[in-house]
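Written below as C-alpha cells is the structure these notes are about.
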Protein chains: 2
Amino acid sequence: MRLTTKGRFAVTAMIDLALRQNNGPVTLAAISQRQQISLSYLEQLFGKLRRHELVESTRGPGGGYTLGRKASEITVADIIVSVDEPIDATQCGGKENCLGEGHRCMTHELWAALNTKMVDFLDSVSLQSLVDDQLAKGVVVENAPMIKRAISSAPVVKPIRVNAPNSVFALGGVAFSK
Amino acid sequence: MRLTTKGRFAVTAMIDLALRQNNGPVTLAAISQRQQISLSYLEQLFGKLRRHELVESTRGPGGGYTLGRKASEITVADIIVSVDEPIDATQCGGKENCLGEGHRCMTHELWAALNTKMVDFLDSVSLQSLVDDQLAKGVVVENAPMIKRAISSAPVVKPIRVNAPNSVFALGGVAFSK
DNA sequence: GCTTTCCCGACTGTTTTCGTCGAGTATAGC
DNA sequence: GCTATACTCGACGAAAACAGTCGGGAAAGC
Ligand code: FES
Ligand code: FES
C-alpha cells in the first residue's frame, strides 16, 4: 500500500473542510492557511477528490468546496484511494502473476492478507468520527460571521497562490524544517 | 510504513532458507538462482538480517546462512523491520511533534492506530507458518545429497556474482519484464 | 469587465529505491 | 602456504517515485 504525504494532507484537509462547511463552501485558500499546505498542492489533491465525488465544487466568489456526501459516509480509505491511487501491497498488483502463468508467488497471499487488513481498518474509520474527535478535543471552529462583504476597510491579507509560508512539515501550527 | 521490494525479497529469501537449512548452511548463490534475486542485492539484505540476528553466517567453503533462531520464533514483522528500517506510518515518526511543542497533529492518532494494526498482523505471521503453507502446496525441496564433493566431472555452472539472469520482476519462475 | 475561485496539465527538483561493483576477510581442504 | 569458497563492507549510480510549482484558462458573481 502506498501511504504518502499526499494521503495525509488529503485527510487533514478533509477534516478541516468537514469542520467548517456548515458556513457554506470552504475555499482552498483558507484551508491552505489554516493547515499550512501549499495552495497549488491542494488544488491537485482536490481535483482528484472531486473526480472521485468525495467533494463538490462551486466556482466564483463565495465559492469553494463542500463534501460530496455526509461525513459519516466518507471513510479514510476513500480519501487515500482517491489521491494515492493504488492501495495494494502485493507486487503483482492483485493480478497474481509474479510468475509466468496464473501462478502466484510464495508470498502473494501474505501481502494480499496484509492489504485486506489495512483497507478494512481504514474503511472502518469515517470522516465523521475524526471530526468528532477534533471537536471533543476542543478545537475551535471560528464560526465565521457569514458576512457576504465586510465594509472593506481593514487591509485583509489576500491569499496569494505563490509560496505558502513554506509548507515544510507541519500540519497545523508552527512549521519547522525536517 | 514502508513496504518495498526489499521487504518482499527478504521474506521470500527467508522462506527459501528456512525450507532448506536442514542440509546445512545455504549459500546466497543458491538462493539467488532459485528465487531470481540478484546476488549482490541478497548480500546487502542478509547483512542487515544478520545484524538483527535473524540469521547466522558461516564463512568459507561449505558455508552459507542459517536461521538465527527457530522459524516459529521469527515473524514477518521481524524480517521487514530488519531490512526496511522504520515501520512507522506517522509523519512525525512516533515523536508526536508535527506541531511545535508536544502537540500532535489532527491525524497522528489515526496513523498510529494504522501502524499498530499492521505491525500486529505482520507479527502474527511466523516464518514457520509460511514454510508450512509452501510444503502444503507441494513445493519440492530438492533434498540435496549432502555430497561434500562430487567427483568433479560435469562442468557445474558456477554462480558468478555478475548479473543474475536479470532479476526483473519474478520471484520464483519465469522472469518477465514490467 | 473585473475579481474570485475552481480547473488542468505539464514541468522540475529532490529523495528514495534498486541494484552494482570492488576490495577485503575468514575458513576449509590440499 | 595456496587456492577456492563464501561472507562482509562501503561507495557508487541509474531510475523511479514523490513533492511541489507554474502558467494559463474557465465559470460565477457583482
Ligand atoms: S505478489 Fe502476487 S503473484 Fe507475486
Ligand atoms: S503525525 Fe505525529 S504529530 Fe503529526
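The listed nucleotides are D:dC7, C:dC6, C:dC21; the one nearest the side chain of B:S40 is C:dC21. Comparing D:dT5, D:dC7, C:dC18 against the side chain of B:P61 picks out D:dT5 as the nearest.
As a whole-Å value, the separation of B:E43 CD from C:dG19 C1' is 12 Å. Between the CD1 atom of A:I31 and the C1' atom of C:dT5 there is a distance of 13 Å, given to the nearest Å. Rounded to whole angstrom, the span from the CD atom of A:Q44 across to the C1' atom of C:dC11 amounts to 11 Å. A:K6 has its NZ atom 9 Å from the C1' atom of D:dA17, to the nearest Å. Look at CZ on A:F46: it is 16 Å from P on D:dG20, rounded to the nearest Å. Taking atom OH of B:Y41 as the reference point, atom P of D:dA14 lies 18 Å away to the nearest angstrom. If you take CZ of B:R59 and P of D:dC9, they are 8 Å apart, rounded to a whole angstrom. Between the CD atom of A:E56 and the P atom of C:dT5 there is a distance of 19 Å, rounded to whole Å.
At D:dA19, none of the side-chain N or O atoms of A:R8 fall inside 4.0 Å of OP1 or OP2 (strictly under the cut-off). For the pair B:T58 and D:dC7, the criterion of a side-chain N or O lying under 4.0 Å from OP1 or OP2 is not met. For C:dC6, the OP1/OP2 oxygens have no side-chain nitrogen or oxygen of A:T27 closer than 4.0 Å. A:R50 has no side-chain polar atom (N or O) that falls below the 4.0 Å cut-off from OP1 or OP2 of C:dC6. Between A:R51 and C:dC7 there is no side-chain polar atom (N or O) within less than 4.0 angstrom of OP1 or OP2.
Each of B:G7 and A:L28 was matched to the nucleotide of DNA chain C holding its nearest heavy atom; the match closer to the 5' end belongs to A:L28. Nearer to the 5' terminus of DNA chain D, by closest-nucleotide assignment, is the contact made by A:T4 (compared with the other of A:G60 and A:T4).
A donor-acceptor distance shorter than 3.5 angstrom exists from the side chain of A:T12 to the backbone of A:R8, with no hydrogens or angles considered.
Backbone-only contact: B:Y65 has heavy atoms under 4.0 Å from sugar-phosphate atoms and none from a base. Counting non-hydrogen atoms under 4.0 angstrom, A:V55 reaches nothing in the nucleic acid.
Take B:E73 and apply the side chain to side chain contact (heavy atoms under 4.5 Å, CB included) test, not counting sequence neighbours, and it matches B:R69, B:K70. Every residue two or more places apart in sequence or in another chain that forms a side chain to side chain contact (heavy atoms under 4.5 Å, CB included) with B:T116 is listed here: B:D120.
Classification of A:K137 and A:D133 as a salt-bridged pair fails, no side-chain N sitting under 4.0 Å from a carboxylate O.
Using bins of under 30°, 30° to 60° and over 60° for the plane-to-plane angle, the ring pair B:Y41/B:F9 lands in the perpendicular bin.
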